[in-house]
Engineer: 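So that we are looking at the same thing, I have put the structure below in structure tokens.
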Amino acid sequence: MDWENVFASRAMRMKASEIRELLKLLEKPEIISFAGGIPDKALFPKQAVSDAYAEVLASEQGDAALQYSVSEGYKPLRDWIVGEMAKIGIPCSAANVFITSGSQQVLDYLGKLFLSPNDTALVTWPTYMGALGAFNAYEPAYDKLLPMSNRPVASYVEAAEKAGGRVKFAYAVAEFHNPTGETMSRGEREWLLDLAEQLDIPVIEDAAYQALRYDGEAVPPILALDIARHGGDIEKTRTFYCGSFSKTLAPGLRVGWVVANEEVVRKLVLIKQAADLHSSTINQMVIGKVAETVFDAQVKKIKAVYSHRRTRMLEALEKFMPAGVEWTKPEGGMFVWVTLPQWMDGATLLAHALETVNVAFVPGKAFHADGSGTNTIRLSFSCASDEMIDQGIERLGALIASEIAARVAA
Ligand SMILES: Cc1ncc(COP(=O)(O)O)c(C=O)c1O
């Protein structure tokens, strides 16, 4: 069967990257990996989840937990989210909150809702690779979102027309960016809203890491600033705030949410009805129970661990990286973004690192819509012990230093 012959055009952009092939080597136990951007499984609230499953099933809701349910999501969980949103400056009601199977699903739905083939999505350079994967299925063009740049608004419109469509949205991970670890300042967020207003497009605020701030001042979410621009009325806003329980509680339960004005939430509900009817009823109930009982304590616990690992990694980089290498200083999240000398290729470095020093990371190219950024790499500290961080960064620093020395000698 010639599958290529029958695939839809959208399938042409669904390609496994060569990096994934390299990262298969991670299964070797001797590898120190800074590659996976996942929570540390040792920190999952296993007992609370187990208790919640037992309680939900034994309660009068036991049958409902295993039944089909409404597409909008489990109401008590949506009510709990309304309370959490209020704490970060987002006044909303349950009608503005829509539960999805992880925040990844929101990205897919928003791609489906807004992108016709050849429409343009504005994304940062680099951006979350999973967002590019989600949007790619809708065959968009990408254009660069460079916060605070004074690029004329007309040039976005012109570029999009040249690509064969219109600018449809701007997507940003405003807090503890995956991959860079950086946080957009308030000024950058206001700039983004100004741009979106001028282009009359929505803003997708990916807040997957929002709860994981270790130090520094909290910045209001883009949706909070948008609401403030409209006299406190969320119904007049253009921002989608995409939240997730994956980084705080457990990704395996697959529960995320989006907060936006009711009109577009109703549209997302229609998409969900056609796609998977609703997210797992029992998992939403379990998340609701776990959130009500241990959320604050859980977030406090994981922040202490990740914050320590972040600091340890920054100290190790300071100690072991040679001159000519730079990196970000994240105030939260799971990632440090390293910029290598201009000529050095992150993917080649990964191949060498796996072969010679048993260290893994993700080359930065995969996070760039145009395949640029070859001299960058992403390091994740979320699952690494002190020893792994010290040894892994020492070995990686030595490898980079030796490649620089070899280049100088050549
Ligand atoms: C920036 C960002 N957004 C969204 C997601 C998807 O998370 P989930 O679907 O588990 O909520 C991730 C996961 O790594 C992420 O890093």
Side-chain angles (χ1 to χ4, degrees), residues 17 19-20 23 33-41 43-44 49 73 77 81 84 97-111 121 123-137 145 169-184 203-213 221-223 239-259 268 272 275-276 279-280 283-284 286-287 290-291 295 299 302 306 328 330 332-337 361-362 364 366-369 378-383:
S17 69
I19 293 156
R20 289 209 189 279
L23 292 177
S33 177
F34 304 124
I38 56 176
D40 187 340
K41 61 183 188 301
L43 298 170
F44 291 150
V49 171
L77 178 60
I81 291 168
E84 289 301 297
V97 180
F98 170 55
I99 308 286
T100 53
S101 303
S103 58
Q104 186 68 26
Q105 190 173 52
V106 186
L107 302 179
D108 175 46
Y109 285 7
L110 292 173
V123 296
T124 52
W125 237 250
T127 195
Y128 168 49
M129 149 175 27
L132 295 177
F135 302 150
N136 277 347
L145 194 61
F169 60 71
Y171 165 80
V173 186
E175 224 116 294
F176 323 125
H177 191 14
N178 177 5
T180 70
E182 287 173 324
T183 293
M184 285 171 79
V203 172
I204 303 175
E205 174 177 28
D206 185 333
Y209 298 90
Q210 198 271 332
L212 299 183
R213 173 174 286 283
I222 298 171
L223 178 55
T239 305
F240 292 82
Y241 176 99
C242 310
S244 176
F245 289 105
S246 292
K247 317 298 174 183
T248 47
L249 298 181
L253 292 168
R254 307 306 302 132
V255 182
W257 73 92
V258 61
V259 182
L268 291 172
K272 195 161 181 64
D276 67 351
S279 297
S280 157
N283 285 2
Q284 292 184 64
V286 164
I287 284 273
V290 174
F295 189 78
V299 170
I302 63 175
Y306 294 148
T328 55
M334 298 184 173
F335 308 107
V336 177
W337 183 245
F361 49 81
V362 183
F367 301 96
H368 293 75
R378 188 194 74 178
L379 302 175
S380 170
F381 49 80
S382 56
C383 294

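Atoms within each ligand, like the ligands themselves, are counted from 1 in listed order. Everything numeric in this text was worked out from a predicted model, so none of it was measured.
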Engineer: Is the backbone of G37 close enough, under 3.5 Å, to the side chain of S380 for a donor and an acceptor to pair up by distance?
Structural biologist: no

Engineer: Quick one: which ligand 1 atoms are inside 4.0 Å of a heavy atom on Q104?
Structural biologist: 6 (C), 8 (P), 9 (O)

Engineer: Tell me which one of G36, S244, G256, S380 gets a heavy atom nearest to atom 11 (O) of ligand 1.
Structural biologist: S244

Engineer: Where is the nearest protein heavy atom to atom 7 (O) of ligand 1: which residue, which atom, and how far?
Structural biologist: S103 OG, 3.4 Å

Engineer: If I compare all heavy atoms of V123 with all of A369, which pair ends up nearest, and what's the gap?
Structural biologist: CG2-CB, 4.5 Å

Engineer: Does only the side chain of F245 get under 4.0 Å from ligand 1, or the backbone, or both, or neither? Count heavy atoms.
Structural biologist: neither

Engineer: Counting only heavy atoms, tell me which of P39, S246, G333 gets closest to atom 10 (O) of ligand 1.
Structural biologist: S246

Engineer: Can you report which non-hydrogen protein atom sits closest to atom 16 (O) of ligand 1, along with the distance?
Structural biologist: Y209 OH, 2.6 Å

Engineer: Hey, does D206 come in under 3.5 Å of ligand 1, counting only N/O atoms on both sides?
Structural biologist: yes

Engineer: Looking at I222, L212, D206, T183, which one forms a side-chain contact (heavy atoms from CB on, under 4.5 Å) with E175?
Structural biologist: T183

Engineer: Under 4.0 Å from ligand 1, counting heavy atoms only, is it the side chain of P251, its backbone, both or neither?
Structural biologist: neither

Engineer: Looking only at non-hydrogen atoms, find the nearest pair between P39 and C383 and report the distance.
Structural biologist: O-SG, 3.6 Å

Engineer: Against ligand 1, does K247 come closer than 4.0 Å with any heavy atom?
Structural biologist: yes

Engineer: Ligand 1 and Y171, any nitrogen or oxygen pair closer than 3.5 angstrom?
Structural biologist: no

Engineer: How many angstroms lie between CD1 in I287 and CZ in R254, if you round to the nearest 0.5 Å?
Structural biologist: 10.0 Å

Engineer: Could you check whether the rings of F367 and W337 sit parallel, tilted or perpendicular, using 30° and 60° as the cut-offs?
Structural biologist: perpendicular

Engineer: Using a 4.0 Å heavy-atom cut-off, which part of R254 comes near ligand 1: side chain, backbone, both, or neither?
Structural biologist: side chain

Engineer: Write out the residue and atom name of the closest protein heavy atom to atom 5 (C) of ligand 1, then the distance separating them to 0.1 Å.
Structural biologist: Y128 OH, 3.4 Å

Engineer: Please give me the minimum heavy-atom distance between T180 and T328, naming the atom from each residue.
Structural biologist: O-OG1, 2.8 Å

Engineer: Do the side chain of N283 and the main chain of L253 share a donor and acceptor less than 3.5 angstrom apart?
Structural biologist: yes

